[in-house]
2 protein chains.
Amino acid sequence: MKSETSKRIERLLRSVGLRRTGPREAILGVLMRAGKPLTQEEIAAKLGAAIPNKVTIYRTLESFCKASLVHKAFMQKRAWHFELADRCTESQCHPHFTCKKCGVISCLVGLPVSIIKGVKKGFVIHRQRVQLEGLCPRCVGKKGR
Amino acid sequence: MKSETSKRIERLLRSVGLRRTGPREAILGVLMRAGKPLTQEEIAAKLGAAIPNKVTIYRTLESFCKASLVHKAFMQKRAWHFELADRCTESQCHPHFTCKKCGVISCLVGLPVSIIKGVKKGFVIHRQRVQLEGLCPRCVGKKGR
DNA sequence: CGCTAAATGCAACTAAGTTGCAAAAAAATT
DNA sequence: AATTTTTTTGCAACTTAGTTGCATTTAGCG
Ligand SMILES: [Zn+2]
Ligand SMILES: [Zn+2]
Ligand SMILES: [Zn+2]
Ligand SMILES: [Zn+2]
């Protein structure tokens, strides 16, 4: 019998008209369980057995982005971080925090983020992204570089 | 007799304790004249005659960043865009807009941007970056992809 | 001028992602 | 169920942006 998650994955793929395949189900599953942005490499690592080719991972993520299931949340160290789009609204992604010292990434969901006002007339804003950097609680105390 | 700009460049380099060299003066000049974020390739193109080696450009930009003269404003198409830091405050860079259709980049200076509130206790925010994407006035009218 | 630390140039390298194409697997048809 | 069609996958080769190591040159200083 199928797990609740795998049924949800099935439905999701159906709903956007993408064929059900091993790699797609596995990658969606990883992103659901992670609940935070992951790079291709991190996704591959979490796929455990039967890792698809990295090209397949990239193409899968790209198709998810086209279908608005996934967002490229941000780039860090020249690598895209992908996450499920289910905690973003149409016009705004939730903000992300990165710790300068330990590199930990946090999704800042559920806090009020005002869309910027006063942009010159004529511009149409589709999406706003906010990135924060600083120190996470674990690193605030530590001293040194 | 020296131009006002070149005297300003001289002073800037002095003030942060960096030696005056051809590449440094030229690159600072390019960034001043541009008034918007540029990639190393764009900088090289604007340097005209006597383009320094690209490694030198990267190292120069890196030293400017360390000295807080320049910011890595954002990454686009896997390439950093560098700009003078003189229109950012300590804790916040001015937001940037990118047109999805034509790719034009605009600095949104002088508009009120509120730093995000409600981040969980313990986090220390050093810098906030806001990115907007949408359509610029010139592209709003156009139809098609 | 001559010294020394810092800056530059060059070639080789790295990391992340992309492209072209043939083989495999879904879905649609018969 | 077998066949056909369409989509997806894997592999190897490639691209792009940036980095590293090291030898050479140059700025700043006495
Ligand atoms: Zn941390
Ligand atoms: Zn997130
Ligand atoms: Zn800035
Ligand atoms: Zn700017």
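Chain naming here is simple, since letters A, B, ... match the order of the sequence lines and numbering starts at 1 in each.
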Exercise. For A:R11, what residues pass the salt bridge (Lys or Arg N to Asp or Glu O under 4.0 Å) criterion, not counting sequence neighbours?
Worked result: A:E4

For this session: For B:F82 and for B:R14, locate the closest nucleotide of DNA chain D by heavy-atom distance; then report the residue assigned to the nucleotide nearer the 5' terminus.
Result: B:F82

Between the protein and nucleotides 1-5 of chain D, which nitrogen or oxygen pairs are less than 3.5 angstrom apart?
none

Donor-acceptor pairs under 3.5 angstrom involving side-chain atoms of residues 115-125 of chain B: please list them, not counting sequence neighbours.
none

Exercise. What is the distance, rounded to the nearest whole Å, between atom CD of B:Q76 and atom P of C:dG17?
Worked result: 16 Å

Problem set entry | salt bridge (charged side-chain N to carboxylate O under 4.0 Å, His left out): pairs with one or both residues in residues 62-74 of chain B, sequence neighbours excluded | B:E62-B:K72

Problem set entry | ring-ring contact (aromatic ring centres under 6.0 Å, His included) partners of residues 6-58 of chain B, not counting sequence neighbours, each pair once | none

Problem set entry | Partners passing salt bridge (Lys or Arg N to Asp or Glu O under 4.0 Å) against B:R138 (at least two apart in sequence or in another chain) | none

Problem set entry | Side chain to side chain, A:L132 and B:Q128, heavy atoms closer than 4.5 Å | yes

Exercise. Which residue pairs satisfy the salt bridge (charged side-chain N to carboxylate O under 4.0 Å, His left out) criterion with at least one member in residues 34-61 of chain A, sequence neighbours excluded?
Worked result: none

For this session: Could you state the atom-to-atom distance from OH of B:Y58 to C1' of C:dC13 in whole Å?
Result: 15 Å

Problem set entry | Value in whole Å for how far the P atom of C:dA25 lies from CG of A:L13 | 19 Å

Sub-3.5 Å pairs of nitrogen or oxygen atoms, protein against nucleotides 9-16 of chain D:
residue : atom : partner : partner atom : Å
D:dT9   : OP1  : A:T21   : OG1          : 2.6
D:dG10  : OP2  : A:N53   : N            : 3.1
D:dG10  : OP2  : A:T56   : OG1          : 2.6
D:dG10  : N7   : A:R59   : NH2          : 3.0
D:dG10  : O6   : A:R59   : NH2          : 2.5

Problem set entry | Pairs meeting criterion ring-ring contact (aromatic ring centres under 6.0 Å, His included) with involvement of residues 9-34 of chain A, two or more places apart | none

Problem set entry | Atom-pair distance (CG on B:L47; P on C:dG9), nearest Å | 11 Å

Exercise. Who else is in the cluster with A:I105 when I, L, V, M, F, W and Y are joined by side-chain contacts under 4.5 Å?
Worked result: A:F74

Problem set entry | Check: A:W80 and A:L61 side chains under 4.5 Å, non-hydrogen atoms | no

Exercise. How long is the line joining CZ of A:R20 and C1' of C:dA24, in whole Å?
Worked result: 17 Å

Exercise. Between the two ends of the helix from C:dC1-D:dG30 to C:dT30-D:dA1, what is the bend in degrees, rounded to 10 degrees, where each end axis spans five pairs?
Worked result: 30°

For this session: Would you mind listing every salt bridge (charged side-chain N to carboxylate O under 4.0 Å, His left out) that reaches into residues 78-88 of chain B, with sequence neighbours excluded?
Result: B:R8-B:D86, B:E83-B:R87

Problem set entry | Between P of D:dT7 and CD of A:E62, the distance in whole Å | 18 Å

